[in-house]
Amino acid sequence: MSIDINTPPILRFGAGSVDSIGELLKTLGAERPIVVTDGFLVSTGVAARVADALTAAGLQASVYDGTIPDPTTDSLENGLEAIRAHEADSIVALGGGSPIDTAKALSVLAVRGGHMRELKAPFQFVGPALPVIAVPTTAGTGSEVTQFTIITDSETNEKMLCAGPGYLPKAAVVDFELTVSMPPRLTADTGIDALTHAIEAYVSRKANPISDTYALAAISRIGRYLRRAYRDGGDREAREEMMTAATLAGMAFSNASVALVHGMSRPLGAHFHIAHGMANAMLFAEITAFSVEHAAPRYATCARTLGVATETDSDAAAADALVQELRTLAREVEVPTPATRGIDRAEWHERVPVMAQQALASGSPNNNPRVPTAEEIEQLYAAIYEETSPTAG
């Protein structure tokens, strides 16, 4: 069986690498880039720093800062207008997962037209699209190296997975210095997001030897450096290693797909406006407990690589240690539960059936070692709110 591995043609790492983005764009033949970002990065001066680097390279640059958390199909309209007004020939995606996902969707719609609803999974989009150069400012989503974007349908409130090599950025500029100011909450949520990507890629039914290599390299780094970055945001070594881990994890799941955690987390963002990384963190331990017996050797390898089990532990013991570590990590970095997040119990349970159907429709649960039924997903959602575990089996 042949395997296609898709990564951006250019990956540029290192402190200060963002300042070379103008030169990089020129090598791609760009002349009129538009920076797609958010208001926060404009307020901090990061967007201006990028725009100045583009101008210094002789490019005609513009900035669009209208992206929103959890982008919707409606939110794309102003971005498309900005691209057309500037006559942009390329996009610099600057920010966390939401600005980068927005930029990917805009790059496609600006060329193809139509509606994102036409492109949701299992449809695979192969192009063409405006070239995207992704500059992540968080260490977690890995969106800078993936062939996916997540956009919520404003009419149906479905958080759609849109996939295909046409979404893959032409380059990623991974400058860890952009993450040093991340607060502890964002550090924890994005770090656990990266760990979720890596572990789900490793246990995915679509895993392959190349994605395995990326995933294990990410897991090892996260085990050593996530807590350090959370406790001391100024720890440059920890920040650099977490940024590297996030990108490696992104390459892992881009080429192996994610599984049940992501399938169930997307509806949480759509219905309750929970940030993607936090939603994954809420779900991760219980869904791993649900799945672990169906791929104990794979989960055991994750545990040993993370540093919470040894080679002398049995696979069953190591896999159990992984579940316990995920619960411990969630407590240590204060991941909220749906209840402590302020979500009403009745509203949660009312929406469980439709969330379960949306999770299944995304296709991601089919990649899980234990493929769930709709009823089992409903039980997991209920258990996660009540902080109890459904019967494993």
Side-chain angles (χ1 to χ4, degrees), residues 3-8 11 96-98 100-101 104 120-122 124-125 134 136 138-151 159-169 172 174 189-223 226 242-266 269 275-281 283-284 287-288 291 295 298-299 301-302 305-306 322 326 359 362-369 371:
I3 300 169
D4 290 339
I5 301 297
N6 293 298
T7 61
L11 294 173
S98 292
I100 297 178
D101 278 359
K104 290 178 177 180
K120 70 177 182 179
Q124 290 282 309
F125 179 73
T138 63
T141 72
S143 189
E144 68 275 8
V145 291
T146 72
Q147 50 188 328
F148 305 114
T149 187
I150 309 294
I151 304 293
K159 204 166 188 179
M160 301 179 295
L161 171 65
C162 302
Y167 296 103
L168 193 68
V174 185
D189 293 342
T190 55
I192 295 178
D193 190 20
L195 183 60
T196 310
H197 292 153
I199 290 179
E200 285 210 299
Y202 192 74
V203 303
S204 168
R205 291 171 179 263
K206 294 182 179 178
N208 59 73
I210 306 302
S211 64
D212 285 353
T213 301
Y214 293 144
L216 294 177
I219 292 168
S220 175
R221 285 171 167 81
I222 294 168
L226 174 53
M242 284 302 300
M243 196 69 154
T244 301
T247 300
L248 288 166
M251 291 192 290
F253 88 82
S254 184
N255 289 285
S257 294
V258 285
L260 181 56
V261 176
H262 278 72
M264 290 180 62
S265 73
R266 295 185 197 106
H276 175 69
M278 181 181 288
N280 279 345
L283 300 168
F284 198 11
I287 291 176
T288 302
S291 309
R298 301 289 282 185
Y299 283 109
T301 298
C302 292
T305 305
L306 194 61
L322 175 64
L326 296 181
S362 73
S364 296
N366 290 331
N367 302 324
N368 206 58
V371 178

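Bear in mind the structure is a predicted one, so any value in this text is a computation, not a measurement. We use all heavy atoms of the structure for the numbers below, so side chains are in, but hydrogens, waters and symmetry mates are not.
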Engineer: Within a strict 4.5 Å, meaning less than it, do heavy atoms of the Tyr299 and Pro369 side chains meet?
Structural biologist: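 Yes. Closest side-chain heavy atoms under 4.5 Å.
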Engineer: How far apart are the closest heavy atoms of Ala215 and Ala252, and which atoms are they?
Structural biologist: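 Smallest heavy-atom distance, with atoms named: N-CB, 3.7 Å.
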Engineer: If only atom types and distance count, is the side chain of Thr288 paired as donor or acceptor with the main-chain N or O of Phe284 below 3.5 Å?
Structural biologist: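 Yes, the answer is positive, given that a donor and an acceptor are paired below the 3.5 Å cut-off.
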Engineer: So which heavy atom on Ala163 is nearest to which on Phe148, and how close?
Structural biologist: CB-CD2, 3.4 Å
Engineer: Output, in order, the C-alpha distance, side-chain angles, deciding distance and verdict of side chain to side chain contact (heavy atoms under 4.5 Å, CB included) for Leu248 and Arg221.
Structural biologist: CA-CA 10 Å; Leu248 288 166; Arg221 285 171 167 81; 3.8 Å; yes
Engineer: Are the side chains of Pro169 and Val145 in contact, using a 4.5 Å heavy-atom criterion?
Structural biologist: no
Engineer: Please evaluate residues Ile287 and Ser291 with respect to the criterion side chain to side chain contact (heavy atoms under 4.5 Å, CB included), reporting the C-alpha separation (whole Å), side-chain torsions for both, the decisive distance (0.1 Å), and the verdict.
Structural biologist: CA-CA 6 Å; Ile287 291 176; Ser291 309; 4.1 Å; yes
Engineer: Apply the test side chain to side chain contact (heavy atoms under 4.5 Å, CB included) to residues Tyr167 and Cys162: give CA-CA distance (whole Å), side-chain angles for both, the deciding distance (0.1 Å), then the verdict.
Structural biologist: CA-CA 9 Å; Tyr167 296 103; Cys162 302; 3.5 Å; yes
Engineer: Just wondering, do Ile199 and Leu322 contact through their side chains at under 4.5 Å, heavy atoms?
Structural biologist: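 Touching, per the 4.5 Å side-chain cut-off.
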Engineer: Just by distance, with hydrogens left out, do Ser204 and Asn367 show a side-chain donor and acceptor under 3.5 Å apart?
Structural biologist: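 Checked: Ser204/Asn367 side chains show no N/O donor-acceptor pair below 3.5 Å.
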Engineer: Tell me, do Arg298 and Thr301 make a side-chain contact under 4.5 Å, heavy atoms counted?
Structural biologist: no
Engineer: Flag the pair Pro136 / Met243 as yes when at least one side-chain heavy-atom distance between them is below 4.5 Å, and no otherwise.
Structural biologist: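 A side-chain contact exists here, since the closest heavy-atom pair is under 4.5 Å.
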Engineer: Is the shortest side-chain heavy-atom distance between Ile5 and Asn208 below 4.5 Å?
Structural biologist: yes
Engineer: Check whether any side-chain N or O of Thr196 sits under 3.5 Å from a backbone N or O of Ile192 as a donor-acceptor pair, and report yes or no.
Structural biologist: yes
Engineer: Mind checking the NZ-NZ spacing from Lys120 to Lys159? Nearest 0.5 Å is all I need.
Structural biologist: 15.0 Å
Engineer: Any side-chain heavy-atom pair from His276 and Ile150 closer than 4.5 angstrom?
Structural biologist: no
Engineer: For His262, is there any backbone N or O sitting under 3.5 Å from a side-chain donor or acceptor partner on Ser265?
Structural biologist: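 Judged by distance alone, yes, a pair lies under 3.5 Å.
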Engineer: Using every non-hydrogen atom in the two residues, find where Gly140 and Ala246 come nearest and quote the distance to one decimal.
Structural biologist: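 Gly140 and Ala246 have their closest heavy atoms at N-CB, 3.4 Å.
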Engineer: Kindly compute the distance separating OG1 (Thr190) from CG (Leu195), expressed to the nearest 0.5 Å.
Structural biologist: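 Thr190 OG1 to Leu195 CG: 11.5 Å, rounded to 0.5 Å.
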Engineer: What distance do Leu283 atom CG and Met278 atom CE have between them, rounded to the nearest 0.5 Å?
Structural biologist: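 CE of Met278 is found 12.0 Å from CG of Leu283.
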Engineer: Identify the two heavy atoms, one from Pro365 and one from Gly263, that lie closest to each other, and give their separation to 0.1 Å.
Structural biologist: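 Scanning both residues, the minimum pair turns out to be CD-CA, 4.3 Å.
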Engineer: Which atom names give the shortest non-hydrogen contact between Ala256 and Ser211, and what distance separates them?
Structural biologist: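 Closest approach of Ala256 to Ser211: CB-OG, 3.5 Å.
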Engineer: Counting distance only, does the side-chain N/O of Glu200 pair as donor-acceptor with the main-chain N or O of Leu260 below 3.5 Å?
Structural biologist: yes
Engineer: Report yes or no: does Ser362 contribute a side-chain atom to a donor-acceptor pair with the main-chain N or O of Ala359 at less than 3.5 Å?
Structural biologist: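 Side chain of Ser362 to backbone of Ala359, a donor-acceptor pair under 3.5 Å: yes, one is there.
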Engineer: With the side chain counted from C-beta on, respond yes when Arg205 and Asn366 share a heavy-atom pair under 4.5 Å apart, and no when they do not.
Structural biologist: no
Engineer: Take Ile222 and Met242 through the side chain to side chain contact (heavy atoms under 4.5 Å, CB included) test and state the conclusion after the steps.
Structural biologist: CA-CA 6 Å; Ile222 294 168; Met242 284 302 300; 4.0 Å; yes
Engineer: Any chance the side chains of Lys104 and Thr146 put a donor and an acceptor closer than 3.5 Å?
Structural biologist: yes
Engineer: Restricting to non-hydrogen atoms, name the atom on Thr141 and the atom on Phe253 that form the minimum distance, rounded to 0.1 Å.
Structural biologist: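 Distance-wise, the nearest heavy atoms are O-CE2, 3.7 Å.
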Engineer: Do you know which of Ile3, Asp4, Thr7, Ile210 makes side chain to side chain contact (heavy atoms under 4.5 Å, CB included) with Asn255?
Structural biologist: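 With Asn255 as partner, side chain to side chain contact (heavy atoms under 4.5 Å, CB included) holds for just one option, Thr7.
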